[in-house]
Amino acid sequence: MLLSCNHVTGTKKGFALNDVTFSLEAGFIMVLAGENGAGKTTLFKTILDKKKQYTGEIYLDGKEIFIDHEKTLSRIGFVSEENIFFKQYSALENANLLSVFYENWDGMEFLNSMKKMGLSAHKIVGKMSRGELMKFQMAFAMAYKPKLYLLDEATAGMDPVFRKDFYKILRSIIAEEKASIIMTSHIQDELEFQADYSGIMKEGRLVQFKENIV
Amino acid sequence: MEQVKKFDALYKKQESYNFLMFSIGKYIFLVAGLFLTLMTFVEGEIYMAVYAFVCLGWSVILHLRPYLIVFENGKQINIYKMLKWMPVRKEDIWKVRAEYLKEFMRKISIVVVIEQIIVVLFSGSFAFFNTLYVIGVLVVVWLSGIICIVFPS
């Protein structure tokens, strides 16, 4: 199993996850759906947060994520509107600055990925549209070849033509890198046809998790 | 920690104008503080020591500040928030800034000790207050620096 969540319950005050359990093998795409506020982004932040704020266990590639959380973060690619980059710098300047934190960083891969996404590396991050920002973050993540991609509404804001290419990029990532992808989405097509597994969250619980048989 | 230092070097290059402005401010307060230190002993007015300490405290804050905040569209965002999702520990960022503070304290202690030697030579007498003053400067600089590192906003 690449990712395993066992009875993960948030301990933060206010809204929290409630007994979330699922596993995802390497090389598969899982789509997580649910109403706004259901806990999809909270699940991602629970994995990424530098402070452990849950009970239960989360394993990435067989290792508990908090044993060496910095190493865990270097193996996860996070694409979200809530991700933080230097808005006053270009995509390339952001990449040069932040790549120091990633051992596996490949600058050429970043530039090639930006080209595949149809985005200029010199575009200022603060001036990107939502769709462009998601593409940049995807290219950034691909440059350090994470094992797990967490895509938070990444395709919302992408034009339908590019969205098809984007799914091809995702499929090639999981095929070549044996990575796994969890994406949150409200797009029906993604739920039914693009994912290998789908889950539905409601009020912090994973109420449904199944394999999509197409 | 090496990654944090590499990041700082690149960030300083990227924000060279901001770092220059903070540097100018730092040296203005540093010179003022050292001048007031001399005046404290020459004029014998203890209250000048308070102003000297304030100036030296500000000089260390201005020394560390560009490493602790990011300017974005007129807003100041603390560096820990900017690197929230990066694979780097907050403690490592703290430790590197603490190293910068230590280096600043080392340099300032040399200058203040030299100042006190000059004061003693000119006055012809050594008082315990001369030593106490050096300790006072280091405590003020260290406290100002630590507060700045832990609470950059």
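In what follows, chains are A, B, ... by sequence order, proteins preceding strands, each numbered from 1.
Counting heavy atoms from C-beta outward, B/Phe7 and A/Leu98 have side chains that approach closer than 4.5 Å. The shortest distance between side-chain heavy atoms of B/Tyr100 and B/Phe104 does not fall below 4.5 Å. At a threshold of 4.5 Å between non-hydrogen side-chain atoms, the residues A/Leu32 and A/Leu206 count as touching. Side-chain contact between A/Asp61 and A/Leu2 is present, with heavy atoms from C-beta onward closer than 4.5 Å.
For A/Ser198 (side chain) and A/Val31 (main-chain N/O), no donor-acceptor pair under 3.5 Å exists by modelled atom type.
Taking the six-membered ring for Trp, B/Phe151 and B/Tyr80 have ring centres at least 6.0 Å apart. Taking the six-membered ring wherever Trp is involved, the centroid distance between the rings of B/Phe41 and B/Phe129 falls below 6.0 Å.
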For A/Met138 and A/Met142, run side-chain contact (heavy atoms from CB on, under 4.5 Å): C-alpha distance rounded to whole Å, both residues' side-chain angles, the deciding distance at 0.1 Å, then the answer. CA-CA 6 Å; A/Met138 194 66 202; A/Met142 286 163 70; 4.0 Å; yes

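Residue-level contacts of residues 77-96 of chain A with chain B, in order of numbering, are A/Phe78, A/Glu82, A/Asn83, A/Ile84, A/Phe85, A/Phe86, A/Lys87, A/Gln88, A/Tyr89, A/Glu93, A/Asn96; threshold 4.5 Å between heavy atoms. Scanning residues 38-58 of chain A against chain B with a 4.5 Å non-hydrogen threshold yields A/Lys45, A/Leu48, A/Asp49, A/Lys50, sorted by number. Of all residues spanning residues 105-119 of chain A, none has a heavy atom less than 4.5 Å away from chain B's heavy atoms. Contact residues of residues 66-77 of chain B toward chain A are B/Val70, B/Phe71, B/Glu72 (heavy-atom distance under 4.5 Å).
Within 6.0 Å of the CZ atom in A/Phe209, the count of heavy atoms belonging to other residues, nucleotides or ligands exceeds 12. Counted within 6.0 Å of CD on A/Glu35, heavy atoms from surrounding residues, nucleotides or ligands total 12 or fewer; the atom is thus considered open. Heavy atoms of other residues, nucleotides or ligands lying less than 6.0 angstrom from CH2 of B/Trp58 number 12 at most.
Using a cut-off of 4.0 Å between Lys/Arg side-chain N and Asp/Glu carboxylate O, A/Asp68 and A/Lys63 are scored as not salt-bridged.
Under the side-chain contact (heavy atoms from CB on, under 4.5 Å) rule, A/Ile29 has a single partner from A/Ile182, A/Ile174, A/Leu151, A/Ile173, which is A/Ile174.
The side-chain tip of A/Lys123 does not point at the ring of A/Phe136 from less than 6.0 angstrom away and within 45° of straight on.
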